[in-house]
Amino acid sequence: MKKITVLLFISLFLLTTSNIAVFTQTRKANDVLIRNATVLTAARGTLESTDILIQNGKIARIGKNLKASANAQTIDATGKFITPGIVDCHSHSMMDGSVNEFSYSVTSMVRTRDILNPKDIAIYRALAGGVTAANLLHGSANAVGGQNTTVKFKYGHPIRMGVMETIRDAFMRARDYRQSWIEYEAKVAKKDKTAVAPRRNLELEPLVEVLEGKRLVHAHGYRSDEHLNLLLLADEFGFRVATLQHALEAYKIAPEIAKRGTGASIFVDNWGYKLEAFDSIPYNAYILWKNGVNVSINSDSDERMRRLNLDAAKAMKYGGVPEEEALKMITLNPAKQLGIDKRTGSIEEEKDADLVIWNAHPFSVYAHPEMTMIEGEILFDRARDITNRAALARERETLEKMEVNRAPASGGTAPAIPREKREAHRDDADGGHKR
Amino acid sequence: MKTALLNAPGGAETIDARGLSVYPGMIDAGTNMALVEIGLGVPGSVDLAENGDFNANAKAIIGINPHSTHINVTRVNGITTVLSMPEGGAITGQATIINLNGSTQSEMAVVPTFGLVLNFPRISTVSGFNPFSGPQTIEFSEAVKLRDKRLEDLRKLFKDTENYAHVKEAYAKDKSLPSPKTDLKMDAMIPYVRGEKPVIFTAERERDIRGVINFVKDLKIKAIIMGGQEAWKQVNELKQNNISVIYTNVYNLPVRDDDPYDSLFETPAKLQKAGVKFAISTGDQGPQVRELPYQAGLASAYGLPKEEALKAVTLYPAQILGIADRFGSIETGKIANVVITDGDILEPRTNIKYVFINGRMLPLTSRHTNLYEQFKDRK
């Protein structure tokens, strides 16, 4: 199913984003047998001293004393922990600053997939934190987004009252647009020669798909009242909001969210950085879970993305979400919200072998991923990473000495080697930024 | 350590802590706690930066809001003492050390004016920001000249203050001399210029840390480095000059794409191995200071021994802040800032059971628990 994201904030966003697994190459991976691990399945409890056999990138078997073919790679995971790859339901990785479309209020035509940078180092760092899939969203600048941007003008409404009316107006227009196509097709069916096709509207088509239940809606918002108003508006137009993004105050309206079968993708404990985040509490995950809401814990940050395992652990501390339910909040639940749970998000036979091997229980602060694989292919291996460092340092040294990389101060041009991106807020002089 | 059987004096409250662990209260030595309520979009709640470049006489303790919501949110996670500092300009003002309990600033104060915060001048090729074309830049050589000039201004200010102090002293001894005109900024700087109190230099990159070391050697002052992203590249010089590091970069991304992915997680382990005195700090304005134990734990996941990780948020910050005679460990005679937990205090699954500050047991309530109580059973 296609997905659409409605972002509701100081302004309100609506955009399409097909869920994008960070890596979707279809390289052929060898068979892998992982032996004797503690397996946190995120679906069927924790399995001790268990083997996982991976064939053709899928989890072929889970059990004890499994046998692999002669050419399979065997990984001894005695004393290690294995989880499903982490799924981050809210991220802006790989977008190189192209997070917001500053044009119309309603830009349902723009697509994040058109601007992704597949070489962003954030991918590797995320893998090193155990993340294997992410939902890459637009930011929260304008009011509604689309698939084609031919004309640009300045953006939308500054306050909530106007934002809600902008959304209502957009869906009204979508409803009328849909009606005009229905009427046209009825005339065609009756072979009415006066039938004139309505002009295609790329802004409204995705919204029509929402009305027809063909697209999932991810709604971005902070305060509980704005999300509740959006749920009521969805009731009015007869569609379901799939997932509330951010939803920092969702705990205040947990029954209303649960009743509509809507999910929530939240920070576990980020709060206080702006007024809308002042009522964000770390018990949000627990209250939503207790009400039966599908909760995912997201990062919204290339930095936080690397430690989502610890964020999930906090859901146990604040309120007392059970361990497997907390693990689901960074694996199976976001996979469901993104409609990819048939393939990933838990360790079950026939699912993709998107796995993380940890040196300790992933909810321990002393844990780090030792290996991360997607569809059976090892894309992060800490031991190999450490081994390669000396060679990488030598390569950089060689590159630095080359004429093209001579320092600008000594008459050289801009260096062609990786530059510094500083994010420490006390050292932002080179245009680095925080958050 | 030797232990003895203790009898409680009459009237003492007894806590059965079987199965629980007792820790010293944690100390975050690099925050803006209680100077900022809501950082973005609510300027009326922000008391962070004075106008002007040289504000030695601005004291963080004067801006501390004893009723900030961040205080309770932080202490219920086991952090009992913080350094809070102003930002902005070259000399931002004087940092304060406070306990996270008290109805007034003086009740909270541990060391009201602890250190002079100095943003060490950086080479920056960014000269401004244009909303249409983005950052405006200048030539690198030009940027170096600008940095050198700002550094020279600071050096001159330190020298002028030294002279000012001499004149004041001379006048105090001999009133027949012309009376010096009072300068509040220089007055505030005297203990720092004389090396009686430490100057806290914010510096991240190697060349700036080197710059701090030269500045400190030249002016013979006491120094602490705040930030310290690349401090591990100057460990020998830091040790030789007795400069400690308050490291605020665990939750930060490596600066170069080809840096090892864990380089900033690993820095505390490198500093510890080299024998540099260091502490781990969140460097946070307030909301996320409660993350302090997890930052220390993460440093341990990447090489810092567990015991050292705990010390990096208890004893070591106390030593760097000069309060280890009273804080940072559980020893007879020290102030009872004590936290009792049901597990390893650095683990995110651990629950805090009791928090004591100055021997007073505090309720484990905060804005967050209040909202939780209000909404948890809403149907």
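Chain letters run A, B, ... following the sequence lines, proteins first, then strands; residues in each count from 1. What you see below is based on every heavy atom in this structure, not just the backbone, and it leaves out hydrogens, waters and symmetry mates. Quick caveat, the model's predicted, so the values are computed rather than measured.
For B:D342, no part sits under 4.5 Å from any heavy atom of chain A, backbone or side chain. Contact of B:F129 with chain A is not made at all, since no heavy-atom distance falls under 4.5 Å. Contacts between B:V46 and chain A at a heavy-atom distance below 4.5 Å are absent for every atom of the residue. Neither the backbone nor the side chain of A:N359 comes within contact range of chain B, judged by heavy atoms closer than 4.5 Å. With a 4.5 Å cut-off on non-hydrogen atoms, A:E395 does not touch chain B at all. Looking at A:I287, the atoms closer than 4.5 Å to chain B (heavy atoms on both sides) all sit in the side chain, from C-beta outward. Proximity to chain B (any heavy atom under 4.5 Å) is shown, for A:N284, by neither the backbone nor the side chain. Only the side chain of A:D385 comes within less than 4.5 Å of a heavy atom of chain B; its backbone N, CA, C and O stay farther away. Within the 4.5 angstrom heavy-atom criterion, no atom of B:E373 approaches chain A. Looking at A:A122, neither its backbone nor its side chain comes within 4.5 Å of chain B, counting heavy atoms on both sides. Proximity to chain B (any heavy atom under 4.5 Å) is shown, for A:A128, by both the backbone and the side chain.
B:D344 and A:Y366 share a side-chain donor-acceptor pair at under 3.5 Å. Judged by distance alone, the side chains of B:Y261 and A:R382 do bring a donor and an acceptor atom under 3.5 Å apart.
The shortest non-hydrogen separation linking A:V365 to B:A301 is O-CB, 3.4 Å. Taking each heavy atom of B:Y372 and A:G319 in turn, the nearest pair found is OH-CA, 4.0 Å. What you find for A:N270 and B:Q288 is that their closest heavy atoms are OD1-NE2, 3.0 Å.
Using a 4.5 Å heavy-atom threshold, the side chains of A:E249 and B:F375 count as separate. Between A:R389 and B:S263, the closest side-chain pair of non-hydrogen atoms is not below 4.5 Å. Inter-residue side-chain proximity for A:Y273 and B:Q285 is flagged as unmet; no heavy-atom pair is nearer than 4.5 Å. Between A:S280 and B:H368, every side-chain heavy-atom pair lies at or beyond the 4.5 Å cut-off.
Ranked by heavy-atom pairs under 4.5 Å with chain A, the list B:K306, B:K379, B:E37 is led by B:K306. Looking only at heavy-atom pairs under 4.5 Å with chain A, the residue among B:L298, B:V42, B:L264 that has the most is B:L298. Heavy-atom pairs under 4.5 Å with chain B peak, among A:F278, A:Y286, A:F363, at A:F278. For the set B:P287, B:A143, B:G39, the entry with the most heavy-atom pairs within less than 4.5 Å of chain A is B:P287. Of the listed residues (B:E291, B:Q374, B:R349), the one with the most heavy-atom contacts under 4.5 Å to chain A is B:R349.
For the atom pair B:L40 CG and A:L275 CG, the distance stands at 10.0 Å (nearest 0.5 Å). Separation of atoms CG (B:L253) and CZ (A:R306) is listed at 5.0 Å; rounding is to 0.5 Å. Remark: A:I281 CD1 to B:K376 NZ distance equals 11.0 Å, nearest 0.5 Å. From A:I121, atom CD1 reaches atom CG of B:D258 across 8.0 Å, with rounding to the nearest 0.5 Å. The distance from the NE2 atom of A:H368 to the OG atom of B:S300 is 10.5 Å, given to the nearest 0.5 Å.
Among residues 67-76 of chain B, the residues having any heavy atom closer than 4.5 Å to a heavy atom of chain A are, in sequence order, B:T69, B:H70, B:V73.
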Item to check | B:Y294 and A:K314: CA distance, side-chain angles, deciding distance, side chain to side chain contact (heavy atoms under 4.5 Å, CB included) verdict | outcome: CA-CA 11 Å; B:Y294 317 134; A:K314 290 175 197 161; 3.9 Å; yes
Next on the checklist: Using the rule given for side chain to side chain contact (heavy atoms under 4.5 Å, CB included), can you reason through B:F265 versus A:R307, listing the C-alpha separation, both sets of side-chain angles and the distance that settles it, and then say yes or no?
Outcome noted: CA-CA 11 Å; B:F265 295 149; A:R307 47 186 171 86; 5.7 Å; no
Item to check | side chain to side chain contact (heavy atoms under 4.5 Å, CB included) assessment of B:L371 paired with A:Y283 | outcome: CA-CA 9 Å; B:L371 283 164; A:Y283 301 92; over 6 Å; no
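No donor-acceptor distance shorter than 3.5 angstrom exists from the side chain of A:R396 to the backbone of B:D259, with no hydrogens or angles considered. At distances below 3.5 Å, at least one donor-acceptor pair connects side-chain atoms of A:K317 with backbone N or O atoms of B:T350. A donor-acceptor contact shorter than 3.5 Å links the side chain of B:R378 to the backbone of A:K252.
The salt bridge (charged side-chain N to carboxylate O under 4.0 Å, His left out) pairs that include a residue from residues 280-292 of chain A are A:K290-B:D377, where partners are two or more places apart or lie in different chains.
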